[in-house]
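Keep in mind that the numbers below use all heavy atoms, side chains included, and drop hydrogens, waters and symmetry copies. Predicted model only: the values in this text are computed from it and were never measured. Sequence lines set the chain letters: A, B, ... in the order given, protein chains first and strands last, and positions in each chain run from 1.
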Number of protein chains: 2
Amino acid sequence: MGRGARGPSMHDVAALAHVSHQTVSRVLNGFEGIRPDTRQRVLDAIDELGYRRNLAARSLATGRTGVVGVIAPDNPTFGATSSLYAVEHALRDAGLQPLITATASRRSSIEAALEFLHGRSVEALVIMAPSRKVLEVHDSMGAEVPTAYLLTGEERGRWSVSVDQQGGADLVLEHLYAQGHRRIQHVRGPLDSIEAQLRADAYTRFMARHGLARLRMAEGDWSPQSGFEAYRRIDPTATAVFCANDQMAMGLIHAASDAGMKVPEDLSVVGFDDIPESAHMLPPLTTVKQDFRAVGMLAVALLEATLAGTEPPSTEPLEPELVLRSSVAPVGAAAR
Amino acid sequence: MGRGARGPSMHDVAALAHVSHQTVSRVLNGFEGIRPDTRQRVLDAIDELGYRRNLAARSLATGRTGVVGVIAPDNPTFGATSSLYAVEHALRDAGLQPLITATASRRSSIEAALEFLHGRSVEALVIMAPSRKVLEVHDSMGAEVPTAYLLTGEERGRWSVSVDQQGGADLVLEHLYAQGHRRIQHVRGPLDSIEAQLRADAYTRFMARHGLARLRMAEGDWSPQSGFEAYRRIDPTATAVFCANDQMAMGLIHAASDAGMKVPEDLSVVGFDDIPESAHMLPPLTTVKQDFRAVGMLAVALLEATLAGTEPPSTEPLEPELVLRSSVAPVGAAAR
DNA sequence: AAGGACGATGTTCACGGTAACATTCCTTGC
DNA sequence: GCAAGGAATGTTACCGTGAACATCGTCCTT
């Protein structure tokens with residue numbers, strides 16, 4: 001093991017520059033009131049020795065770590081990954097250190113991840129909760145640090161940063177309605193997923209609002225494969241399917257095509273997310289675009305302000321955008 | 001700022017358990033030769049106070065951090081993301097702390113990421129190099145820590161952990177050849193990508209070995225959109241296209257379909273990676289499956305052994321696997 | 001010219017652990 | 001019954017930094 005090769009310390013720099021270690025510290029921390037020539041001597045010494053300050057010692061002395069824990073879902077979807085990268089980048093820009101852990105939705109896995117993060121003295125958390133269970137575990141562990149929640153709808157009030165799921169669902173559903181569709185089916189995401197629930201609720205409300213019959217939902221797990229399998233459970237009278245994400249829409253279109261159904265002539269299909277592949281499905285998919293990067297950046301801005309004690313930004317849900325492609329046709333198009 | 005809320009320290013635990021702080025330390029570090037009742041008193045005290053040890057202090061005293069830096073590509077492809085998650089998980093299992101940074105391929109971005117990691121006193125690095133430039137910058141910064149390289153072929157000898165790209169390319173090319181294809185075109189990945197280069201080289205060698213004419217390569221950037229655009233540059237006499245990844249294959253199939261070409265009857269298409277979507281493209285894509293998770297785990301095992309001074313595992317390239325679906329037909333299938 | 005104020009820098013201590021060494025306590029053998 | 005030795009535990013000295021306070025010199029004021 002013996003890995004003892006410690007680099008130069010502040011004292012080494014101080015000795016070389018003929019100052020005290022405190023002066024070195026002041027230079028590094030940008031204090032004013034250092035004579036220019038002194039500062040230069042110190043900087044030269046730092047450069048010559050290739051000195052880097054020891055963050056362990058620093059954080060021991062200050063009592064701060066600058067570490068922000070990030071809990072990401074274990075199965076990396078396009079959306080979560082995009083937000084994750086935005087969060088990582090924004091945190092580093094803010095001078096904070098992202099500590100990323102992925103967790104499955106098993107309780108033990110979530111606990112291990114949170115335990116790991118708290119053991120690392122995180123000063124804040126970003127929870128990208130795939131499921132409600134993460135929230136439960138987190139609550140039960142007595143969270144003492146500011147926490148931003150992503151992918152949870154508005155569940156956590158002003159700590160939630162999200163895209164308006166209800167609004168997004170309404171966008172596609174209204175589009176289908178305008179094209180004459182009345183028998184619309186929903187393929188929802190996993191039962192324990194908050195976003196899946198929000199989209200499903202939006203579907204339910206939409207159908208009620210327009211006095212339409214709700215068709216029994218099929219459930220998928222976000223994967224293309226589950227969309228493929230969900231096709232078997234589609235109501236034969238349905239003229240359109242609202243899939244809770246683009247991957248499931250892709251699988252569903254595949255299954256429909258295998259069954260001899262043409263999309264969109266025989267069946268219209270819409271998705272949710274606008275993954276890069278959606279523009280190139282056959283047919284290209286009509287869907288709802290969410291700005292995942294913006295969500296990630298907003299979450300970091302929220303935490304940054306909270307840690308600094310300044311006024312936090314508004315966390316109103318972001319508005320998604322309808323992306324029209326070719327997977328929707330007016331109802332009865334095949335007959336023409 | 002003033003965030004001073006420090007938790008209980010070892011001394012607090014020691015006082016409560018009526019022992020010295022050193023005994024607490026020994027209990028925590030699993031030393032032998034502690035009387036069971038003493039150990040229990042200490043554990044009870046820890047539990048009662050909710051004590052967590054301060055890692056900053058620990059690493060200051062030991063001179064070790066247990067932090068392993070991970071450099072991930074900025075644009076998260078399926079493969080890179082899968083490996084990344086495997087690496088993250090394996091590192092945590094090994095008691096190490098993954099410190100993940102994403103970097104674009106701009107030199108400045110790479111430098112910033114490496115500077116960040118070294119400033120964090122990483123003890124080892126996992127470099128998932130999207131491009132050769134990362135390697136250059138890394139070399140020029142004088143790396144002093146053990147480093148595992150992913151996604152770089154065998155460029156770095158036994159520090160490289162990879163899937164056999166040449167072998168994978170041969171798998172699909174031989175499949176096309178066996179189906180009678182002789183006019184095979186390649187849509188390669190970005191010029192600065194090492195893996196793209198390896199696949200392109202494999203194509204070149206394959207064609208030479210079989211005495212076939214090389215068709216001029218088109219270049220894409222891994223995205224479906226770039227595959228779509230690459231279709232315009234496909235040789236009209238080509239009967240099959242080997243795309244360097246599945247996403248580009250998807251875009252290309254879309255473009256072919258727009259142009260009235262049927263896949264696979266008029267044109268056979270193969271991809272590389274086997275992303276979850278590939279099974280549900282229209283037609284389902286014949287491709288090469290790489291075990292991204294295994295690659296990530298192997299990289300961590302390599303570093304773990306190196307840090308521990310034990311015998312490192314073999315880093316022979318892993319063998320990929322041909323996945324046969326429906327995007328390839330015998331040449332001339334349309335004529336029948 | 002003396003005193004004060006302030007700017008620049010130095011000194012000391014604390015942060016919370018671990019390592020090395022010191023001490024105490026018990027057991028064991030004679 | 002006592003010495004010896006090992007097991008269990010305590011004491012002390014760091015690790016490298018930042019904060020608080022101390023010091024020194026200089027310039028300004030009166």
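Sorted by first and then second residue, the pairs that involve residues 72-88 of chain A and meet salt bridge (charged side-chain N to carboxylate O under 4.0 Å, His left out), not counting sequence neighbours, are Glu88(A)-Arg92(A).
Neither OP1 nor OP2 of dC15(C) sits under 4.0 Å from any side-chain N or O of Ser59(A). OP1 and OP2 of dG17(C) both lie 4.0 Å or more from every side-chain N or O belonging to Ser25(B). OP1 or OP2 of dT9(C) lies within a sub-4.0 Å distance of a side-chain N or O belonging to Thr38(A). Residue Arg53(A) places at least one side-chain N or O closer than 4.0 Å to OP1 or OP2 of dG18(D).
One N or O donor and one acceptor, one from the side chain of His21(B) and one from the base of dT18(C), sit under 3.5 Å apart. You'll find a donor-acceptor pair under 3.5 Å spanning the side chain of Arg26(B) and the base of dG10(D), going by distance alone.
Other residues, nucleotides and ligands place more than 12 heavy atoms under 6.0 Å from the CD atom of Glu155(B). Residue Gln22(A) qualifies as enclosed at atom CD: its count of foreign heavy atoms under 6.0 Å is above 12. Counting non-hydrogen atoms of other residues, nucleotides and ligands closer than 6.0 Å to CE of Met10(A) gives a total above 12.
What separates CG of Leu28(A) from C1' of dG16(D) is a distance of 12 Å, to the nearest Å. With rounding to whole Å, Leu60(A) atom CG is found 17 Å from dC13(C) atom P. Look at CZ on Arg120(A): it is 18 Å from P on dG16(C), rounded to the nearest Å. One interatomic measurement links the two molecules: NE2 of His11(B) to C1' of dG10(D), which rounds to 12 Å at whole-angstrom precision. One can place CZ of Arg52(A) at 21 Å from P of dC15(D), the figure rounded to the nearest angstrom. Atoms CZ (Arg39(B)) and P (dA8(D)) sit 10 Å apart, rounded to a whole Å. At whole-Å resolution of the value, CG in Asn54(A) and C1' in dG18(D) are 13 Å apart. Across the protein-nucleic acid pair, Asp37(A) atom CG and dA8(C) atom C1' stand 11 Å apart, rounded to whole Å.
The side chain of Ala57(A) has dT17(D) as its nearest neighbour among dT9(D), dG17(C), dT17(D). Taking the side chain of Val19(B) as heavy atoms from C-beta on, and the options dG10(D), dT18(C), dT17(D), the nearest nucleotide is dG10(D).
A side-chain donor-acceptor contact under 3.5 Å links Arg106(A) and Ser108(A). Inspection of the Thr65(B) and Ser59(B) side chains reveals no N or O donor paired with an N or O acceptor under 3.5 Å.
The stretch residues 29-36 of chain B touches DNA chain C through Asn29(B), each having a heavy atom within less than 4.0 Å of the strand.
Among all heavy-atom pairs drawn from Pro76(B) and Thr81(A), the shortest one is CB-CG2, 3.4 Å.
In this structure, Gln22(B) and Ala61(B) both approach DNA chain D, and ranking their closest nucleotides by distance from the 5' end singles out Gln22(B).
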